[in-house]
Amino acid sequence: NGRIEAGETTAVGGAGSVDIAAGNITFSTPFTFPTAGMNYVMTADLANLTGGDAFRLNLSTSNIALVSVTNGTETALRFTGGRVSEAMHSVNSIIVWDGGAADGLWHSADNWDPNTVPVEYSQVTIDQDVTVTALASEPGVRFNTLVIGNSGGTTSPTLVLSTGIANAPAALTVHKNATLRQDTTQPLSIQGNLTVNQGGKLTHAANASSRAAILDLRVGNTFTLNSGSTITADAAGYGGGYGPGAGLPSLAAATGGSGAGYGGFGGAGAPGSKPGGAPYGSIYAVSDLGSGGGAGSAAGAGAGGGEIHITAGSLVLNGLITADGEAGYGAGTRGGGGGSGGGIMITAGSLSGSGIISAKGGDGGNDASVATETGGGGSGGRIVLTVDGSDSSTVKLRAHPGSRGTYLGNSSAANGAPGSIYRKRPEQPNYDLTIGGLENTVVSGGSTTVTGSPLTVDTFTAVNAE
């Protein structure tokens, strides 16, 4: 492969040895050329050099020049008359996706121009209609800056991270029609700034029967979510019938599936003999996905909302952050239950903007023939918002329940119960607790349990409740 590895034999010497700690490659002696006049001695893997670094080879010989494989016009080292003349090797930090390996994998060197996997000083751009995947079996990705897409939105790239980020990047930008999808539960850290522009999207992979993927972002400086951009985990929680608060299926009885619980109880499926899923988790912290509703006999249930964690030095929120449950399906008879809203937990040094944070429950599925076989609504999810420094925002927070399914406007199913919103502004000694959300228009059909030991809040608000 052009490199001298431990135990290998080359055409120009005997077995070589590598002292990794000292960074030395030692050739056995004598070191001879197999062909008279040969001027190709060895190639060196300089992928980890940063701009301005020097590669030094302590060798006494004459009239030999060593150049970089990726930059053959620049001399890295020159040997003349038995003396080593050291030259600086300048590394090009700009790396652009070209898809040359045709496998869509981040860690395939031929997918990049130049043909090297990005490292911690790389300025990386992905600007094609392509899905790029960093596999879970590979080490964490490395970059200094990463731009996905372009400001005009003329391409639609998607970056799927099934592994983590190994270094502390300076910036990540997601442009219009571009997507960053997390397919793991480990945190993704950006030391500098994270910017999502209008039409850009952050999300996580959909879950099924277990918690395998969430969106967990740790931003050291400013996280900007511009107007028209989204962070979404809608219907990305537990699938229908799964999760701690899963709804019950209709089975063979003439009933609809029940809604899933999370922040509160899910709504019973019509005619009420299939109770909704139970609440779980805590008002204080988010640690799980929303659950899936119960299926109708001829209609599927809605999936729960996903799970989103954001920690930022400063959060500018003018877009949408949503982890809403999915509505139950209503094809044929016995509508499916709605999925519960998911979990969203945000901690920021400062907060500004007028965006929306939502973890609503999914509606129950409708019935095609009678009102006694409709699905129950999913409960609202859980939202925790903590701001430590300054809060000038007018953000809206929603943990509404899902409505029951209907037939011609009638139903004997139940709405879901509202979820919980736990919020602290910088000037507050304690949190405000809201059940449902101040814009809630759905009258609850189930109950929301609030527990604490002790429970101390500055304000307590229950909307459309008794």
(message) Minimum heavy-atom separation for Phe223 and Ala312, please, with both atom names.
(response) CB-CB, 3.9 Å
(message) Determine whether a donor-acceptor pair (N or O, by modelled atom type, separation under 3.5 Å) exists between the side chain of His204 and the backbone of Glu307.
(response) yes
(request) Could you pull out the closest heavy-atom pair between Leu135 and Thr163, with the gap in Å? (result) O-CB, 3.5 Å
(request) For Ser93 and Tyr121, work out which heavy atoms get closest and say how close. (result) CB-O, 3.5 Å
(message) Main chain of Asn415, side chain of Arg404: is a donor-acceptor contact present, judged purely on distance under 3.5 Å?
(response) no
(request) Indicate yes or no for a side-chain donor-acceptor contact from Glu326 to the backbone of Ala303 under 3.5 Å, with no hydrogens or angles considered. (result) yes
(message) What verdict does the ring pair (Phe, Tyr, Trp, His ring centres under 6.0 Å) test give for Trp106 and Trp112, after you've listed the backbone C-alpha separation in whole Å, the side-chain angles of each residue and the deciding distance to 0.1 Å?
(response) CA-CA 9 Å; Trp106 175 286; Trp112 302 98; 5.0 Å; yes
(request) Indicate yes or no for a side-chain donor-acceptor contact from His107 to the backbone of Pro139 under 3.5 Å, with no hydrogens or angles considered. (result) yes
(message) Side chains of Arg382 and Ile283, heavy atoms from C-beta outward: is any pair under 4.5 Å?
(response) yes
(message) Looking at Asn207 and Ala236, would you say the former's side chain and the latter's main chain have a donor-acceptor pair under 3.5 Å?
(response) yes
(request) Considering non-hydrogen atoms only, spot the tightest contact between Pro157 and Gly149 and give its length. (result) CG-N, 3.5 Å
(message) Does this structure show an ion pair linking Arg425 with Asp458, if we count only N-O contacts that are shorter than 4.0 Å?
(response) no
(message) Looking at every heavy atom in both Thr232 and Thr203, which two are closest together, and how far apart are they?
(response) O-OG1, 2.7 Å
(request) For the pair Asp363 (side chain) and Ser403 (backbone), establish whether a donor and an acceptor sit closer than 3.5 Å, ignoring hydrogens and angles. (result) yes
(request) For Thr448 and Pro418, indicate whether the former's side chain and the latter's backbone hold a donor-acceptor pair under 3.5 Å. (result) yes
(request) Determine yes or no for a side-chain-to-main-chain donor-acceptor pair under 3.5 angstrom, with Asn221 supplying the side chain and Asn193 the backbone. (result) no
(request) Report the distance from atom CG of Leu317 to atom OG of Ser352, rounding to the nearest 0.5 Å. (result) 8.5 Å
(message) Looking at every non-hydrogen atom in both residues, tell me the closest pair between Thr195 and Asn226 and how far apart they are.
(response) CG2-ND2, 3.9 Å
